[in-house]
Amino acid sequence: MTNLELRRQVINIYKELLFLGRNYPLGYGYFRDRLHRAFASQSHLDDEEQIRKGIARAEFVKKEVEALYYLKRYRTLKQRYENR
């Protein structure tokens with residue numbers, strides 16, 4: 001893999017996480033600031049293996065955020081239909 005391809009992957013996962021952050025319970029601003037700090041703290045990495053590990057960690061975070069949204073949605077629907 002070339003550095004350009006890894007860079008593209010990092011930018012794509014960053015954009016995907018930003019998109020998911022729109023509905024974050026603590027607000028988009030909070031999510032965006034935390035995400036930016038997390039990515040900026042890893043910007044010094046040069047080793048391809050370390051960058052791949054960072055991408056894998058970002059994918060895990062993405063899945064966790066999606067799970068949080070699905071759980072919130074499930075609880076809302078359950079609450080709506082239990083009261084009937």
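All values below come from the heavy atoms of this structure, side chains included, with hydrogens, waters and symmetry mates left out.
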Sequence neighbours excluded and cut-off under 3.5 Å, please list the side-chain donor-acceptor pairs for residues 61-72, or say none.
| unit_1 | atom_1 | unit_2 | atom_2 | d |
| --- | --- | --- | --- | --- |
| Lys62 | NZ | Glu16 | OE1 | 2.7 |
| Tyr69 | OH | Leu20 | O | 2.4 |
| Tyr69 | OH | Tyr24 | N | 3.0 |

Contacts satisfying salt bridge (Lys or Arg N to Asp or Glu O under 4.0 Å) that involve residues 17-28 (not counting sequence neighbours) are none
Distance-only check: which donor-acceptor pairs under 3.5 Å involve side-chain atoms of residues 29-42, not counting sequence neighbours?
| unit_1 | atom_1 | unit_2 | atom_2 | d |
| --- | --- | --- | --- | --- |
| Tyr30 | OH | Arg34 | NH1 | 2.5 |
| Ser41 | OG | Arg37 | O | 3.4 |
| Ser41 | OG | Ala38 | O | 2.8 |

CA sep, side-chain torsions, deciding dist, call: Leu18, Tyr28, side-chain contact (heavy atoms from CB on, under 4.5 Å)
CA-CA 8 Å; Leu18 269 180; Tyr28 179 71; 3.6 Å; yes
Could you state the interatomic distance from CD1 (Ile55) to CD (Gln50), rounded to the nearest 0.5 Å?
12.0 Å
Sub-4.5 Å side-chain heavy-atom contact between Ile51 and Asp47:
no
How long is the span from the CD atom in Gln9 to the CD1 atom in Ile11, to the nearest 0.5 Å?
11.0 Å
If hydrophobic clusters are built by linking Ile, Leu, Val, Met, Phe, Trp and Tyr wherever their side-chain heavy atoms come under 4.5 Å apart, do Leu17 and Leu26 end up in the same one?
yes
How long is the gap from CG on Leu6 to CZ on Arg52, to the nearest 0.5 Å?
5.5 Å
Asn3 versus Asp46: any side-chain heavy-atom pair under 4.5 Å?
no
